[in-house]
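Note on naming: letters A, B, ... go to the chains in the order of the sequence lines (proteins, then strands), and numbering restarts at 1 for each one. What's counted below: heavy atoms across the whole structure, side chains too, no hydrogens, waters or symmetry copies.
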Amino acid sequence: MSALKLYDTATRTVRDFTPIKKGEVSIYLCGATVQAAPHIGHIRSGVNFDILRRWLIASGNNVTFVRNVTDIDDKILQKAVIEKTPWWAVAMKYERAFSDAYAALNVLPPTYEPRATGHITQMIELMETLISNGSAYAPGNGDVYLEVRKLKRYLSLSNQKLDDLLPAGDADETYKRDPRDFALWKAAKPGEPYWPTPWGAGRPGWHLECSAMAEAYLGKSFDIHGGGLDLIFPHHENEIAQSEAAGSDFAKLWMHNAWVTTAGEKMSKSLGNSLLVTEILKRVRGVELRWYLGSAHYRSMLEFSFEALEESAVAFRRIENFLNRAVEVLGKNSEPIISKEFTKLMDDDLAVPQALALLSESLKSGNSALTSGDLKKIAEAASHIRGVLSILGCDPFERAYAQSGNANLSEAMDGLIALLLEQREAARLRKDFSAADSIRDRITSLGITIEDTADGPRWSVT
RNA sequence: GGUCGGGUGGCCGAGAGGCGAGGCUCGGGACUGCAAAUCCCGCUACACGGGUUCAAAUCCCGUCCCGACCUCCA
């Protein structure tokens, strides 16, 4: 019995979430336009919605999760010219880059991951519907526009008035009945890729694909539509306009994640390469980046700095260290438990930051139990921590984060270090501390940390 | 111009009328041959000016500052 509440952009309130079909949740997330490698802002969206998805699953729902790939658009075509390569090669290259980033951050693969170019047929059908019912028009040049003045309602998501909008600057308005009408379909210019349609050869406008694909995979009505804040207008407004004009109910609830900012500003694509996921992953592991991106509330801006990232990674290693020690002491891993308190927090619009305070309590209690040797409490703490981490997608024991090392090699290493530690222990016993410290220093300089515990020394690679 | 979101301690980051989230840093202590790890204690804030209230970071009015969107955007 879920009491999940989520913030709905459409009503600007936190409200009860009830799926259309009990136990089944359908989500459409606007994915990447594959025109450049992902930076950490792009991937935050993936992480935030992955947390939502994991929570819905943990709450007993079957989740159908659709995340599209926009593999044709103006920027991809521009990039193809710059990179002197076909547009589809550009799209494929960056789609792979996104896939790699999602995988590195343990973002669950979507149930379906449709590409725009694979759904031209559905888009044409949608346009036919819109033209035949008078919502859209083809002025004859190959373009197809949606006539926004004819809509029963428009701009309800962003709460704007049509007449307040600034007129589009560089739009070629000669074919538009109103400057605010937007393109469903764009006529191909010479040299551009095109698909044939009853109105001429061209390619999809940006918004059409999401309406077409959402209906294809989720039907005329589905539970949650998500994306970044900047998609509210125009992208999501236009999706609503198209789909409603075509007779769909479309999304029941709208969720938008906030940005990763630098110096208070939205991360822009012209910022350079330093914040690309691949670059960040040279500094911290995937699980640590995910922990960082997931740790702020999804509707709060996350002010990025390398200091904050490093700090966050250190905090995560502390948790990981406890879990590893718990396994050593207990001889086995503790099963994740989702506590009532945690459930209450997550049900409250995914209150992750407060859940982290809860985790912090478990960590303290677990570490204390480790000192006192209270096995029951150690297991309890480990279970609660793993419960939280499993929802955040940061459980270090998850397969996505498993070390793919050479088993023989680590066994040999284990033996070698044990040998050194035995010598050090012998030196300590005879109070030859300078010999003991010199062994420790040598080991430390190789990047291995030695800790003396009540149960003897333990080592870990830093 | 319209719409939306912010300003919280040295830093990050929650909360949204009362009983001061949490983490990091810093200071002190316990433990330890030393270190590391861990635990305990301490430091304590809500942009500014008014107002409402027994009580305001939270509500209201005003001001300042920052950011986002307005047909390329996570």
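Considering only the side chain of A:Val260, B:A74 comes nearest among B:A74, B:G13, B:U71. In the set B:A14, B:A74, B:C72, B:C72 carries the atom at the smallest distance from any side-chain atom of A:Asp73. The listed nucleotides are B:G13, B:G22, B:A74; the one nearest the side chain of A:Glu303 is B:G13. Considering only the side chain of A:Ser360, B:G23 comes nearest among B:G23, B:U71, B:A14.
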Sugar-phosphate or base contact per nucleotide [nucleotides 27-40 of chain B; S, B, -; heavy atom under 4.0 Å]: ------BBBBSSSS
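Both tests pass for A:Arg53 against the ring of A:Phe65: distance under 6.0 Å to the centre and angle within 45° of the axis. Both cation-pi conditions hold for A:Arg177 and A:Tyr137: the charged atom is under 6.0 angstrom from the six-membered ring centre and inside a 45 degree cone around its axis.
Across all strands, A:Gly227 comes closer than 4.0 Å only to sugar-phosphate atoms, never to a base (heavy-atom distances).
For RNA chain B, runs of at least 3 consecutive pairs of the Watson-Crick or G-U wobble type, with both hydrogen-bonding distances under 3.5 angstrom, map to B:1-7 with B:64-70, B:10-12 with B:22-24, B:26-30 with B:38-42, B:47-51 with B:59-63.
With both ends at atom P, the span from B:A16 to B:G1 equals 33 Å, rounded to whole Å. The same atom, C1', is picked in B:G18 and in B:A56; the two are 9 Å apart, to the nearest Å.
In terms of polar N and O atoms assigned as donor or acceptor, the side chain of A:Glu361 never comes within less than 3.5 Å of the base of B:G22 in a complementary pairing.
Ring pair A:Phe222/A:Tyr217: centre-to-centre distance not below 6.0 Å.
Defined by atom type and a distance below 3.5 Å, a donor-acceptor pair is present between the side-chain atoms of A:Tyr154 and A:Asn238.
Looking at A:Lys344 and A:Asp348, no side-chain N of the basic residue comes within less than 4.0 Å of a carboxylate O on the acidic one, giving no salt bridge.
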